[in-house]
Number of protein chains: 2
Amino acid sequence: MSEKIDHMESWLGQALALLATGDYDGLSSALESVHPSDLADLVEQLEDDQRLALLRHVPSDLAADTLAEMEDVERPGELLLQLEPRRTAAIVHEMADDDAADLIGDLEPEQRAQVLAVVDDEEAAEIEELLTYPEESAGGLMTREVLSVSARLTAAEAIAEIRRQAHEDFDFYTIFVVDPDGTFRGVVSLQDLVIADPTTPISEITEEPPAVVTVDTDQEEVGKALSRYNLASLGVVDALGRLVGRITFDDVIDVVEAEATEDILRFAAVSDEEEIRGTTLDAIRSRLPWLLLSVISAAVASSVVFAYQSTIEAMALLAVAMPVIAGVGGNAGTQALAVTIRRIALSDETVGERMGVIWKELLVGLVNGLVMGVVAAVLGLLFTDAGVMFGVVVLLAMWGSLLIASFAGAFIPIFLERIGVDPAVASSPFVTTLTDLFGFFLLLGLATAVLM
Amino acid sequence: MSEKIDHMESWLGQALALLATGDYDGLSSALESVHPSDLADLVEQLEDDQRLALLRHVPSDLAADTLAEMEDVERPGELLLQLEPRRTAAIVHEMADDDAADLIGDLEPEQRAQVLAVVDDEEAAEIEELLTYPEESAGGLMTREVLSVSARLTAAEAIAEIRRQAHEDFDFYTIFVVDPDGTFRGVVSLQDLVIADPTTPISEITEEPPAVVTVDTDQEEVGKALSRYNLASLGVVDALGRLVGRITFDDVIDVVEAEATEDILRFAAVSDEEEIRGTTLDAIRSRLPWLLLSVISAAVASSVVFAYQSTIEAMALLAVAMPVIAGVGGNAGTQALAVTIRRIALSDETVGERMGVIWKELLVGLVNGLVMGVVAAVLGLLFTDAGVMFGVVVLLAMWGSLLIASFAGAFIPIFLERIGVDPAVASSPFVTTLTDLFGFFLLLGLATAVLM
């Protein structure tokens, strides 16, 4: 793709030259074949005044799509505030309502009001309604622009109706069928409609959708439903069962990617508020609480070492073994944790299946703990002049540490999910602290009992 | 969704009862409204003989879709071997070619041959061709069942042609346009076609697709292209530019989920060969090499401690500080690593932007390292009777350790990606070892110099 980007960068130079000379017609025609996602990438690299100049003079539909596709600028909505009011209104008019809501929803309350004040009243009301839904709910994802036909039409009438609605520039992967009062009845695919006999009543070719979501369904559930049933588009209903919007696959791909990022960041104890491309200050602030938590949990594990200082004074080799046991134990805990968290994220399982996971991880810890214990003991005997009993202590401490690590790595996230806490965000410190605490206790306690 | 599943479980009981009494017509009509994804979930919970009985007596198209949607059984393709040859042929006939290739591709070579021997010759040849592409390439994802029309037709002729091809039961989100020699010319959307004047030449409403992939494009690139341009369907061409297949959004959602799982598992040092629902033995085998690597890297870090044994004997409190510095340093390194790896996974960036990331992480380490150093020093002074200089040593060791952790967490994955190594799989042990090594060296080296 970088070839394409190189090619486009030279092309951006041309566009900027046309802009500088005021040749706006030339600019519009030069931009005709450019995809908004590509244009967005290039616009993101420009200075503020160049960005504004481009958004002022490209066709307003292209400006709208480009703004909607900008991902690396923190608040592209702020650009709307810097444009002339009439231009802002024209761009928002061309924008899909969900894109406009995302853009405007990121702004401060007074900025939102400023933008909405210049937008067409009806559009402003629609955007404000979308903004009432939580960002990560089906309502926050959906567009209200739905292609729908009455269940009472024939196939031919429905096609005429679609032609009529089609100038709205919807993506109509799915045609929704509603009763006269707006109740969602089902879906009819464009392909069924095209190949049906023209006189067929729509109700006859309407299919019950395999999944319907309400405005307050969490986006993760929305993603699961769409992915499970391979749907291009999903109807969203209100509490009364009336069709109020739709969510399409492209929104869901973004959600799946965002949820994966969130899981990885949380797993690594980075707050999910940290934007991948946020500022340094944001990064510092979002990570510090987790580091504070980790210093406390490390101090708890260290308290065991504190209690055994006299043993360490007598045999400093134990301090050499400590990082090895903590390192391998931590790794084993992380392995069990990652597999379990991903398992929870991807599927609905019964309690029995979850118990099976814990049992499986215990077995893994039992076997791998024994192997690693033997390896560590052999390394200790090879590279130090400590006796066989030191090796036995290391073996047992490593074994016990991996057993606890595997158990905690599976049990803690399953338990946290059960009591309603996100396992991805909260498991890691517990698992590490438990593993270290137990590993140090075994190593130093056994050494005190056996070697002193 | 669990309500739905409860409801369906009672329904499955009915289906099994119908099956037991041999009422296959009753069974078929009871199954009419069930989605194959739901049926697959239930079938997965049955015993082998019940599974086979169901697959034998449900309509063959439902059997095909159900087999294709089974995700929790290790090799659903093996069921094809246990059915009567004629039934197997009928099921494969109803299956999309890419689903059939996935199912059969999982089998051992001799099993593959057995299944392909009973399948219709032409279909077997198509499946074998798909099996020649690597599983994670565009060729491995695509279906050869493409709805395509000649660029020479008019809109009306094209609609007639689509009606003719439509009995093949394609999902036609996108209609591909080809030249007489099969060269891929572009796409025409069904909506443009429906609303176009019937006499319009197809070539006039054909659009250049924003992205085309070749059979050997990696699935991650395929996912990026489809997600970037919000496409429902992507054309796949061979080396000569001829259209050979298509990839749809639902395949890509699966890919995005699979890549996220892979990233999280690799990040946690679990081999990506480990299936989330694989056997205990597989889990033991896939994790052991990483634990062996971690014992070696921990031993390297421990060698510093080994060198300073006499210092520890004189002041065992240093052994108490070690886990705190290693724990917090490890956490800071993981944070920088997770953000950087996700950044690499999600976007194509220039070398300059990547350098900016390293610089940003260094700043984060500088600030957070100082804060955590002060916290650790204060904790040390509060809870022990060591002097102020011990606090200063802890502060400096923590600060230096976090600085290295942040730098390594950003630099190592960027460097590995640059030399063509997957950063997600290989970064973690390097970062941990470097951080521990450096942290222990600072703590014990400074203590030896200042406190001894």
Side-chain angles (χ1 to χ4, degrees), chain A residues 1 35 37 163 166 172-173 190-191 195 210 227-230 232 249-250 253 256-257 260-261 264-265 268-270 276 280 283-284 287-288 291 294-295 298-299 301-302 305-306 309 312-313 316 319-320 323-324 327-328 331 334-335 338-339 342-343 360 363-364 367-368 372 375-376 379 436, chain B residues 35 37 163 166 172-173 190-191 195 210 227-230 232 249-250 253 256-257 260-261 264-265 268-270 276 280 283-284 287-288 291 294-295 298-299 301-302 305-306 309 312-313 316 319-320 323-324 327-328 331 334-335 338-339 342-343 348 360 363-364 367-368 372 375-376 379 436:
Chain A
M1 207 160 316
H35 192 283
S37 294
R163 280 221 175 83
F172 45 98
Y173 300 113
L190 194 51
Q191 60 222 70
I195 63 183
S227 146
R228 178 180 174 87
Y229 299 112
N230 304 327
F249 68 90
D250 49 326
I253 290 179
V256 171
E257 279 177 350
T261 299
I264 291 179
L265 292 189
V270 179
I276 291 286
T280 305
I284 289 170
R287 297 185 203 173
L288 209 44
L291 293 177
S294 83
V295 81
S302 273
V305 187
F306 191 80
Q309 280 180 83
I312 291 172
E313 268 162 26
V320 181
V324 177
V328 180
N331 199 332
T334 306
Q335 290 178 331
V339 173
R342 208 53 201 152
R343 201 177 167 117
K360 170 181 159 184
L363 274 175
V364 172
V367 176
N368 284 352
M372 299 315 297
V375 169
L379 281 178
D436 284 0
Chain B
H35 193 283
S37 295
R163 281 221 175 85
F172 42 99
Y173 300 111
L190 193 51
Q191 59 222 70
I195 63 183
S227 148
R228 179 180 175 87
Y229 299 113
N230 305 328
F249 68 91
D250 50 325
I253 290 179
V256 171
E257 278 177 349
T261 299
I264 290 180
L265 293 189
V270 178
I276 291 284
T280 306
I284 289 169
R287 298 186 203 170
L288 208 43
L291 294 176
S294 83
V295 81
S302 272
V305 187
F306 191 80
Q309 280 182 85
I312 291 172
E313 269 162 25
V320 180
V324 178
V328 180
N331 199 332
T334 306
Q335 290 178 331
V339 173
R342 207 53 201 154
R343 201 176 168 118
D348 297 310
K360 170 181 159 184
L363 274 175
V364 173
V367 176
N368 284 351
M372 298 314 299
V375 170
L379 281 179
D436 284 359

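Naming convention: chains lettered A, B, ... in sequence-line order (proteins, then strands); numbering from 1 in each chain. Atoms considered below: every heavy atom in the structure, side chains included; atoms not considered: hydrogens, waters and symmetry mates.
For A:His35 against B:Pro210, the heavy-atom pair with the smallest separation is CD2-CB, 3.6 Å.
The distance from atom CD1 of A:Ile253 to atom CG of B:Asp250, rounded to the nearest 0.5 Å, is 9.5 Å. Rounding to the nearest 0.5 Å places CG of A:Leu265 at 8.0 Å from CZ of B:Arg342. Note that the CD1 atom of A:Ile312 and the CD atom of B:Glu313 stand 11.0 Å from one another [nearest 0.5 Å]. Separation of atoms CZ (A:Phe249) and CG (B:Asn230) is listed at 6.5 Å; rounding is to 0.5 Å.
For A:Val324, the parts lying under 4.5 angstrom from a heavy atom of chain B are both the backbone and the side chain. Looking at B:Val367, the atoms closer than 4.5 Å to chain A (heavy atoms on both sides) all sit in the side chain, from C-beta outward. With a 4.5 Å cut-off on non-hydrogen atoms, B:Val375 touches chain A through its side chain but not through its backbone. For chain A, the nearby parts of B:Ala232 are the backbone and the side chain; heavy atoms of each come within less than 4.5 Å.
For chain B, the option among A:Ala376, A:Ala338, A:Ser302, A:Gly327 with the highest count of heavy-atom pairs below 4.5 Å is A:Ser302. For chain B, the option among A:Leu363, A:Ile284, A:Val256, A:Thr334 with the highest count of heavy-atom pairs below 4.5 Å is A:Ile284. Among the candidates A:Asp436, A:Leu291, A:Leu379, the residue making the largest number of heavy-atom pairs closer than 4.5 Å to chain B is A:Leu291.
Listed for the B:Ser37 side chain is a donor-acceptor partner under 3.5 Å among the backbone atoms of A:Arg228. A donor-acceptor contact shorter than 3.5 Å is absent between the side chain of B:Thr280 and the backbone of A:Lys360.
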